[in-house]
There are 2 protein chains.
Amino acid sequence: MHHTELLADLRQRGHRLTPQREMILNVICEGNGHLTADEIIARIRKQYPYINKSAVYRTLELLARLCLVNPTDFGDGKVTYEIHRHPHHHHLVCRQCRKMIEVDGAVFAPLEKLLRDEYAFAADLDHFAIFGLCRKCQPASSPAPTLRKRRA
Amino acid sequence: MHHTELLADLRQRGHRLTPQREMILNVICEGNGHLTADEIIARIRKQYPYINKSAVYRTLELLARLCLVNPTDFGDGKVTYEIHRHPHHHHLVCRQCRKMIEVDGAVFAPLEKLLRDEYAFAADLDHFAIFGLCRKCQPASSPAPTLRKRRA
DNA sequence: CTCCTTATTGCAACTGGTTGCAATAAGGAA
DNA sequence: TTCCTTATTGCAACCAGTTGCAATAAGGAG
């Protein structure tokens, strides 16, 4: 999805187009993958040093609300943002080695159906970070995994 | 689960018992339901005004790491904590009316199995807040749900 | 083009939570 | 009991993100 399309989408939904929003969308579209707010600000600043933190956070919140970007908390103290991709995907994050595995959005289909059928609840299951232990970090067949603090 | 059992558990796993930890566990066990860090501090302060913010946050992080409490982000800017209950449960949170529905932990069983079988990933699926729209807030059969900012 | 409404920006103050580090105090050993 | 090691606390500074509000500027109407 190109940033001009996203801008048009914004406009169509009744939001104003501003240079700031254009720059933000541009950066998110260019920088492929997950970017933190800090990174987005830093990249914009190269061309426009006056970019304002609040404006960036508010725009990111707007874009998330419109499902144009996916915010994700990988548990390292900063939220990352990426362009909303279709089909959906999620991230398995190993709590030990930090390895990330991307999985198809379809893995949530049974849960979505169950929640809809049993609870009439329309769950937003677009983009999750699921924590756990990857194959390598699982104790072979072990009884008690050590739970002492992981040395960061 | 009584707080003395939790203290014993802490001790057994090699952590030290301090008055602060005792007070924190006590408050979490008494106040049933979800408490924010602020609320925990306020309650402790009634008896012991010197309780320190960092100590509380660090203890909560420890208890969460040991799966003795469940931290949950309901999306209102403050994390809440509750004693880890068995069997697991999750919370459906309506993004419109904020209604909360508690659901059994078993709803994640198919996903857990899929992730284990397909990705050899042992997911932590203990306690989630799942956002979406409850029955009442879903557009009857509607075309375009309004996505303008919800007036808080 | 000019005017008007109001969404958006920019700023500064604030909030919830984290961190580095020195002081304290658990709890084990002797 | 006393001593020792080191986990934990308390503090102050910090970090990511939010908020209230006045100033600015989209974009529609005339």
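To find a chain, count down the sequence lines: A is the first, B the second, and so on, and within it residues start at 1.
Atom OH of Y48(B) is surrounded by more than 12 heavy atoms from other residues, nucleotides or ligands within 6.0 Å. Residue E102(A) qualifies as enclosed at atom CD: its count of foreign heavy atoms under 6.0 Å is above 12. For CG of N32(B), the number of neighbouring non-hydrogen atoms (other residues, nucleotides, ligands) closer than 6.0 Å is 12 at most.
Taken together through direct or relayed side-chain contacts under 4.5 Å among Ile, Leu, Val, Met, Phe, Trp and Tyr, Y57(B) and L35(B) form parts of separate hydrophobic clusters.
Of the two residues near DNA chain D, A37(A) and R58(A), the one whose nearest nucleotide lies more 5' is A37(A). When each of A55(A) and Y57(B) is assigned the nucleotide of DNA chain C bearing its nearest heavy atom, the one mapping closer to the 5' terminus is A55(A).
The residue from T4(B), I24(B), V69(B), L6(B) that alone fulfils the side-chain contact (heavy atoms from CB on, under 4.5 Å) condition with C29(B) is L6(B).
As rounded to whole Å, 13 Å separates atom C1' of dC15(D) from atom CG of D76(A). Between I41(A) atom CD1 and dT9(C) atom P the separation is 13 Å, expressed in whole Å. If you measure from atom CG of L10(B) to atom P of dG27(C), you get 10 Å, rounded to the nearest angstrom. dT19(D) atom P lies 15 Å from atom CG of L60(A), rounded to whole Å. Taking atom CZ of residue R21(A) and atom P of nucleotide dA26(D), one finds them 11 Å apart after rounding to whole Å. We find that CD of E22(B) is positioned 17 Å from C1' of dA7(D), with the value rounded to whole Å. Remark: C1' of dG27(D) and CG of L7(A) are 15 Å apart, rounded to the nearest angstrom. The CG-P distance, from L62(A) to dA26(D), rounds to 16 Å in whole Å.
No hydrogens or angles were tested; on distance alone, nothing pairs the side chain of T18(A) with the base of dT9(C) as donor and acceptor under 3.5 Å. Counting distance only, with no hydrogens placed and no angle test, the side-chain atoms of R16(B) and the base atoms of dT6(D) include a donor-acceptor pair under 3.5 Å. Below the 3.5 angstrom threshold, one finds a donor paired with an acceptor across the side chain of S54(B) and the base of dT19(C).
For K78(B), whose side chain is taken as the heavy atoms from C-beta onward, the closest listed nucleotide among dG16(C), dT9(D), dG10(C) is dG16(C). Distance from the side chain of P19(B) is smallest for dA26(C) among the nucleotides dA16(D), dA26(C), dT9(D).
Aromatic rings of F108(A) and H88(A) (six-membered ring for Trp) have centroids beyond the 6.0 Å cut-off, not under it.
Applying the salt bridge (Lys or Arg N to Asp or Glu O under 4.0 Å) rule to pairs touching residues 30-48 of chain B yields D38(B)-K78(B), sequence neighbours excluded.
Across every strand in view, dA23(D) sits in a pair with dT8(C) that passes the Watson-Crick or G-U test at under 3.5 angstrom. Taking a pair to require two hydrogen-bonding distances under 3.5 Å in either a Watson-Crick or a G-U wobble arrangement, dT15(C) pairs with dA16(D).
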| Test log, rule side-chain contact (heavy atoms from CB on, under 4.5 Å), inputs L25(B) and L10(B) | CA-CA 11 Å; L25(B) 274 174; L10(B) 261 191; 4.3 Å; yes

| request: Just do the side-chain contact (heavy atoms from CB on, under 4.5 Å) check on L68(B) and R13(B) with the steps written out, would you? | output: CA-CA 12 Å; L68(B) 301 179; R13(B) 303 215 220 175; 3.8 Å; yes

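In summary, the side chains of H89(A) and H127(A) do present a donor paired with an acceptor at a separation below 3.5 Å, with no hydrogens or angles considered.
For Q20(B), a side-chain nitrogen or oxygen approaches OP1 or OP2 of dG10(D) to under 4.0 Å.
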Review item, nucleotides 28-30 of chain D N/O atoms under 3.5 Å of protein N/O:
| residue | atom | partner | partner atom | Å |
| --- | --- | --- | --- | --- |
| dG28(D) | OP1 | R11(A) | NH1 | 2.8 |

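Annotation: proximity of residues 44-53 of chain A to DNA chain D (heavy atom, distance under 4.0 Å) is found for K53(A), numbered in ascending order.
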